[in-house]
Amino acid sequence: MDWNKLAEALIPDENVKDLEYYEKQYPQRDLPQGAQVTRLAPSPTGFMHLGNLYVALANERIAHQSGGVFYLRIEDTDEKRKVEGAVEVIHTSLKYFGVAFDEGADLCGEYGPYYQRQRAEIYHAYAKDLIKRGLAYPCFCTEEDLEKTREYQTENKLLPGYYGEFAKCRTLTEEEIYENLRAGKPYVIRLRSQGDVEVKHTFRDEVKGEITVTENNQDVVILKSDGIPTYHFAHAIDDHFMRTTLVIRGEEWLSSLPIHIELFKTLGFRLPKYGHNCSIQKIDGETRRKLSKRKDPEASLTFYREQGYHPGAVRTYMMTLLNSNFEEWLLKFPDKPLDEFKYSISKMGKSGALFDILKLNDISKTYMSKLSEEETYDFLKAWADEFGSDAQKAYFADKEYLLKVLALCMGIGGKKRRKDFICAKQAVETIGYFFDETFSPKYAYKFDKATLTKILTDFQTAYDYKDDCSAWFDKVKAVAEQNGFATDMKAYKANPEGYPGNVSDVAEILRIATTGLSNTPDLWTIMQILGEERVFARLQKATACL
RNA sequence: GGCCCCAUGGUCAAGCGGUUAAGACACCACCCUUUCACGGUGGUAACAUGGGUUCGAGUCCCGUUGGGGUCACCA
């Protein structure tokens, strides 16, 4: 058979150049010893998964820690999944979490184009070469043909797929091929696999360690009928020419590793290092499963923006999942920048971690508690501008007032900072009672109406806005005493049955009456911030509502 | 189903043949406290299972079970 002629007939691409051209066009990178070139290669579906961030962070850390390069490549070979504006979503959502690329799609870089669709010429050049070498061939099988063999294979408990005797088009004669071509039948280009499934090799995976891989024997499709490469083929060519040294990717790729190994080998490329990380899981009733884009809102990166989780907190949480010794480091150096942590692939977990929002919340609380009130103001404002209600947006009109509220809720000036804020959404909601528009109390007291009325009126007659904190509390105590409540905690504890309650109960009643909540920061300060008029208004309202 | 990966408390996890089996989150109790928090102290709670190897096994080997992944002209 005339392979050269066949190659020309199959792939009539005029742009194709000699293979040496591409090697020269994309030379080895001039990088210091040990520098790693890594990448993120998502498909532009418009959806960014938490897993994308997870794997992006791992690759980014490795590259930048080693003085290497981290780039973005867009795997847009699947027409059906392509979504407009998806690349922008990738950039903006990753940037929000502090992941920045050195080069790649929509950025500069010498190793582009970084969109696979724009790289057709290179793929064609190599597919052609493979055909010329007799290592690839056209396949005219239809979907039904493939379906039939698959059925036969499963029925007979044979390895499914296109290989050996089942690879019908592998043995097509020259005449048959040209006849099909003349008939205008669509075709794909398949690899003529040289592998043998009986042969197993041990392979060193950077995260899993030694694993066994079976040789590939599938005549996988390398070029689809529209001339666009499949993932496998594009992966081999792109990561070779973009000079990737290390590929950290999800473990769903582990099973196609044999294909990639064979492809790199037959193309004459040096295999990069691989690390396959486990996917983040979630507990769903009784079973764990991968975080699902469809079922779990927290799988989407937009979820964290909508909720207003601080990007730094999400990043920190990701790091705890990413590296087992990270938390220990964080405990030791709570105020160092995250990038100073020495990340290592070998410390990546071998089993899939369960997503734990409680843990994220805890990390977020400590993270938020380290911000200044100005920073918090800016952060909350940015969130409210995008996601808040009109009433919430209005909070930010009076900055001075809001700053006072934030300082109180954050415990600024106190011995220890409070940890009331988890995310912007929750924070903005919890300060709602400071604003009349959003003050919608659901009074839930533990005492009867008569007691409550008495206490509230007693306090109203005693309260003086000008009182300082201790004078104010003396009055609370006085109100407690007037109503038979204990003011001496020791006495109360010794005989809890002897009193209707104690000072803390009185304080709680006042707290609920003025804020609608039983859980708020220091009441005296709240009243100071609210202002005399509003305090009385609220106490009256509360009394009226009894 | 075949192939591959994984297996320590409810969760994240230290551990690399000899430990009273760390730590963090969550939960509970107590302390601090005028209230709410923060903080502090303590507590409940784990090596999936059966065989080996070894003086000795969470750690090494094999089986079982369980979980996950994957078997496309999707990535």
Side-chain angles (χ1 to χ4, degrees), chain A residues 41-45 75-81 116 139 141-143 146 150 153-154 157-162 186-190 197 200 205 208 211-214 218 220-226 228-232 234-235 249-258 276 278-279 281 283 287-290 317 320-321 324-328 330-331 349-363 365 369 409 411 414-420 469-470 472-474 476-477 480 487 489 502-511 515 517-524 526:
Chain A
S43 350
T45 61
E75 313 237 315
D76 55 354
T77 56
D78 186 9
E79 191 67 36
K80 286 167 291 221
R81 304 212 302 180
Q116 290 184 326
C139 168
C141 288
T142 63
E143 254 181 72
L146 298 175
R150 197 174 312 131
Q153 286 161 336
T154 33
K157 293 188 176 164
L158 293 163
L159 188 68
Y162 206 81
Y187 58 90
V188 299
I189 305 297
R190 286 185 184 272
V197 273
K200 298 187 184 245
D205 184 276
K208 302 228 181 254
I211 56 171
T212 76
V213 294
T214 309
Q218 299 279 333
V220 290
V221 174
I222 57 175
L223 242 41
K224 299 186 260 189
S225 55
D226 57 359
I228 299 298
T230 55
Y231 170 85
H232 310 298
H235 158 53
R249 47 143 61 157
E251 69 177 342
E252 67 269 21
W253 292 111
L254 203 52
S255 53
S256 41
L257 184 61
H276 292 90
C278 300
S279 33
Q281 301 186 315
I283 201 116
T287 52
R288 315 170 140 233
R289 55 168 171 76
K290 231 163 119 171
Y317 177 59
T320 67
L321 293 185
S324 57
N325 54 340
F326 173 75
E327 265 196 284
E328 199 181 323
L330 186 65
L331 237 45
K350 284 193 194 2
S351 52
L354 215 51
F355 178 81
D356 184 359
I357 199 148
L358 253 26
K359 184 89 177 182
L360 204 214
N361 285 164
D362 178 70
I363 288 171
K365 279 184 193 171
S369 77
C409 293
K415 292 175 284 301
K416 292 275 184 188
R417 294 281 289 265
R418 300 177 66 89
K419 292 184 175 178
D420 290 3
C469 188
S470 69
W472 175 85
F473 182 68
D474 285 341
V476 175
K477 264 178 154 168
T487 49
M489 286 307 276
N502 62 60
V503 234
S504 84
D505 292 313
V506 175
E508 187 184 272
I509 291 165
L510 299 174
R511 166 173 280 113
T515 68
L517 302 166
S518 57
N519 190 329
T520 72
D522 175 59
L523 227 202
W524 176 78
I526 289 174

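Chain letters run A, B, ... following the sequence lines, proteins first, then strands; residues in each count from 1. Any value given below was found using the heavy atoms of this structure, including those in side chains, with hydrogens, waters and symmetry copies removed. The shown structure was predicted, so the numbers you read here are calculated from the model rather than taken from an experiment.
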- Message: Centroid separation under 6.0 Å, is that true for the rings of Phe355(A) and Tyr317(A)?
- Response: yes
- Message: Would you say Arg511(A) and Thr520(A) are linked by a side-chain donor-acceptor pair, where the criterion is simply a distance under 3.5 Å?
- Response: yes
- Message: So, using side chain to side chain contact (heavy atoms under 4.5 Å, CB included) as the criterion, who are the partners of Ala41(A) when residues are at least two apart?
- Response: Arg39(A), Arg73(A), Glu75(A)
Write down the distance between [atom1] ([X]) and [atom2] ([N]), rounded to a whole number of angstrom.
X: Lys350(A); N: A13(B); atom1: NZ; atom2: P; result: 12 Å
X: Glu508(A); N: A37(B); atom1: CD; atom2: P; result: 10 Å
X: Glu327(A); N: G15(B); atom1: CD; atom2: P; result: 14 Å
X: Leu330(A); N: C12(B); atom1: CG; atom2: P; result: 19 Å
X: Asp78(A); N: C74(B); atom1: CG; atom2: P; result: 6 Å
X: Asp356(A); N: U11(B); atom1: CG; atom2: C1'; result: 5 Å

- Item | Partner of His276(A) under side chain to side chain donor-acceptor pair (under 3.5 Å), chosen from Glu251(A), Arg249(A), Glu252(A) | Arg249(A)
- Message: Classify Lys365(A) by what it touches in the nucleic acid, base, sugar-phosphate, or nothing, heavy-atom distance under 4.0 Å.
- Response: nothing
- Message: For a quick test of reading the model: is some side-chain N or O of Thr320(A) closer than 4.0 Å to OP1 or OP2 of C12(B)?
- Response: no
- Query: Closer than 4.0 Å, any side-chain N/O of Asn519(A) to the OP1 or OP2 of A37(B)?
  - Reply: yes
- Do the side chain of Ser225(A) and the base of C73(B) come within less than 3.5 angstrom through a donor-acceptor pair of N or O atoms? yes
- Every stem of 3 or more Watson-Crick or G-U pairs under 3.5 Å that RNA chain B joins, in order of first number, is B:1-7 with B:65-71, B:10-12 with B:23-25, B:27-31 with B:39-43, B:48-52 with B:60-64
- Note on the structure: Taking every heavy atom of Cys141(A) against every heavy atom of Leu146(A), the minimum-distance pair comes out as CB-CD2, 4.0 Å
- Task: Nearest-nucleotide wise, let me know which of Ile211(A) and Ile228(A) is further upstream toward the 5' end of RNA chain B.
- Result: Ile211(A)
- The answer to which of Phe355(A) and Thr212(A) contacts RNA chain B further toward the 5' end, by nearest nucleotide, is Thr212(A)
- Message: Please determine whether side chain to side chain contact (heavy atoms under 4.5 Å, CB included) holds for the pair Val197(A) and Leu159(A), giving the CA-CA distance in whole Å, both sets of side-chain angles, and the decisive distance to 0.1 Å.
- Response: CA-CA 10 Å; Val197(A) 273; Leu159(A) 188 68; 4.0 Å; yes
- Using a 4.5 Å cut-off on heavy atoms from C-beta on, say whether the side chain of Gln218(A) contacts that of His232(A). no
Dump the pairs, protein N or O against N or O of nucleotides 61-68 of chain B, anything under 3.5 Å, distances to one decimal.
unit_1: G68(B); atom_1: OP1; unit_2: Arg288(A); atom_2: O; d: 2.8

